[in-house]
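Right, one structure below, let's go through it.
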Number of protein chains: 2
Amino acid sequence: MNERPRGIESVLVVGTGLIGTSVALALREHGVTVKLTDQSPGAVRVACELGAGDEWEPGGDRVDLAVIAVPPQFVADWLLDLQKTEAARFYTDVASVKALPIEQARRLGCDLSAYVAGHPLAGRERSGPGAARADVFLGRPWAYCPGRETSPRAVAAVLSLIELCGGNAVKVDPVAHDEAVALISHAPHVAASAVAARLVGASDTALGLAGPGVRDVTRVAGGDPDLWTVILSGNARPVAEVLEAVATDLAAAAAALRAVSVDDDGAIARVTELLRRGNAGRSRIPGKHGGPARAYAVVQVLVGDRPGELARLFQVAQDAGVNIEDVRLEHAPGLPLGAAELSVQPESAEVLAEALRSHGWHVP
Amino acid sequence: MNERPRGIESVLVVGTGLIGTSVALALREHGVTVKLTDQSPGAVRVACELGAGDEWEPGGDRVDLAVIAVPPQFVADWLLDLQKTEAARFYTDVASVKALPIEQARRLGCDLSAYVAGHPLAGRERSGPGAARADVFLGRPWAYCPGRETSPRAVAAVLSLIELCGGNAVKVDPVAHDEAVALISHAPHVAASAVAARLVGASDTALGLAGPGVRDVTRVAGGDPDLWTVILSGNARPVAEVLEAVATDLAAAAAALRAVSVDDDGAIARVTELLRRGNAGRSRIPGKHGGPARAYAVVQVLVGDRPGELARLFQVAQDAGVNIEDVRLEHAPGLPLGAAELSVQPESAEVLAEALRSHGWHVP
């Protein structure tokens, strides 16, 4: 309960999975009244027990904002139903694709002036309300897609939500959003799955030689196939386009390597060219691994895996006048201590380090 | 200088790149006499300044073991030259493919009784002697490939080398080795490059939405294209086979997603099936991310980035009678502190934690 909420004082969260429950927990920390509903009574119960809010009673008081946290295909149906009963003044969603729910909402005749599509980029490897945390949005991008019909007050409500959750609001066109996430999330997920699928038939000896490289490449392939099927089918065409290009590059590399193995020495140049393009693409990712256009300094701090610790850390940064541009957590599963890497403008690094130290954090 | 070397007291390292210099540094810590040579006089100088040994004078005393740390295509030529002058009693190499150098050595008429092909699985993102560290082999697999002609004394010399470097010796057939590294290292590298290559044309908005997932998938794509061209061309056929299968899976997934986007609802099942295979393959990687057959406990310890610290830690584990099965380091670039995750048998976890604490390490 760090501060009074601004703009939104009551929120309905529809769908108490990982993201919905995390939004609810973040809002509760700011004293927002949160109502919860889910098609699974068990999931609502878990979320309530976690302190995410109280079960929603349809027909009760109208809330300021409804956050529809269901798979993309069902967002518009929920929006229509909620608007029919005037359940909320404004509406948003957190689905990972944006063109589909907006198009369906338009087709169903929803009131688009009160709806702003949104997408917090805050996935975790786990799913369900039990994996929810109030701090998963801190310092992470949160895309939002206002349309021509959207009212400024609806946009303000969603910006308040993003601020209360600690996200970085990024305004983006819905089609551009979907192409972007195809490129930086959905297609890489399928590619990782295809690499990991090759290990099904691998010998134990081969697997015993596995190092950090293949672990990194395939980490996201551990995600829930049913959840990802829904995500991918909601963004089918943009993902297909990226995957076709990746498959073409890999088939060409394979053909070049076949030619190398029969002594066509020129063929290897085509492999080198792909590796060079990989270097170039890799270096464009902002943050510590590249992106000269955004040369952030990284402040490393040891954090415990206690609820709210990361939120307190962001509060200290805010009080010190430092904006945290990105955060990366290294947590060993099941262990209470981890390292947080906070990306900040270079001139702010020492200010942040001092502020954290003076509040008892260990900054090496 | 933790102990007296066993079996090998003098070593010649040919090629003072990352791996060759790291081997030399590890051997120096055990008091082994190390001679260094490289086609680049500058690289030898850097390695000597790092304390990796002294420059080799051809025609001097015969050493116990020569470690040929050059690209796979040049291993056999070096082996032949060294054997002509009887530079060493035994010979090994550290190249990332094994069938090619063995076949070339046979074709050139090298003495195969004195040569054991080897491959430490210890890549880093950086290259060159300046990135070398004595501890990069600790707890990592080190493949070795004795043939029918190999003398037991040559095998013993290479096993001594692996032990002095702290690696886990894994005996493997050369062809099986090459197929294994194609699967768990070389093909994943190319796949990561192909995913990263898509980012070359991405908008800044898209890149601003990038999260930890795409960073993990593409991390290895930051590797040196020239170095990787040499590695891939030395293992061309096995890598091509894996890449063809990955490309086929990705093209099929793309086709299924195209069908989904024109309302063929059944098509998505083919995507789900690939995601499920990805899950299954991912879970076969031993270590903390899966591999129920090897359910290790993980002991996390904070380590400084000082030379020899990890080696001292392994020494404490050894003195406590605990075998470290795997190690994973999380180091922020340029920062002095990191977390080491040590995989051990579950019954040894508390013993190790206590031993480390009693030697002043911070074990959460």
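Source: prediction; values computed, not measured.
Your options are B/Ala245, B/Ala253, B/Ala259, and the one with the most heavy-atom pairs under 4.5 Å with chain A is B/Ala245. Taking B/Ala254, B/Ala180, B/Ala267 one by one and counting their heavy-atom pairs under 4.5 Å with chain A, the maximum is reached by B/Ala254. Between chain B and the options A/Arg277, A/Arg198, A/Arg237, A/Glu179, heavy-atom pairs under 4.5 Å are most frequent for A/Arg198. In terms of non-hydrogen atom pairs under 4.5 Å with chain A, the most contact-rich of B/Thr218, B/Leu183, B/Val195 is B/Thr218. When B/Val181, B/Val190, B/Val271 are compared by the number of non-hydrogen pairs under 4.5 Å with chain A, B/Val190 comes out ahead. Of all the listed residues (A/Val239, A/Asn235, A/Val246), the one sharing the greatest number of non-hydrogen pairs under 4.5 Å with chain B is A/Val246. Most heavy-atom pairs under 4.5 Å with chain B: of the set A/Ala280, A/Ala269, A/Ala196, A/Gly201, this distinction falls to A/Ala196. Interface summary for chain B: among A/Arg276, A/His189, A/Arg258, the most heavy-atom pairs under 4.5 angstrom belong to A/Arg258. Chain B forms more heavy-atom pairs under 4.5 Å with one residue of A/Asn279, A/Asp249, A/Leu243 than with any other, namely A/Asn279. In terms of heavy-atom pairs under 4.5 Å with chain A, the best-connected choice from B/Ala236, B/Gly213, B/Ala206 is B/Ala236.
With a threshold of 4.5 angstrom between heavy atoms, B/Glu273 does not approach chain A through any atom at all. Interface residue A/Thr205: only side-chain heavy atoms are found under 4.5 Å from chain B. Residue contact with chain A, scored on non-hydrogen atoms closer than 4.5 Å, involves the backbone and the side chain of B/Ser233 alike. Both the backbone and the side chain of B/Ala191 come within less than 4.5 Å of a heavy atom of chain A. At a 4.5 Å heavy-atom cutoff, the contact between B/Val172 and chain A is made by side-chain atoms alone. Looking at A/Ala192, the atoms closer than 4.5 Å to chain B (heavy atoms on both sides) all sit in the side chain, from C-beta outward. B/Asp226 touches chain A through its side chain: at least one heavy atom from C-beta onward sits under 4.5 Å away, while N, CA, C and O do not.
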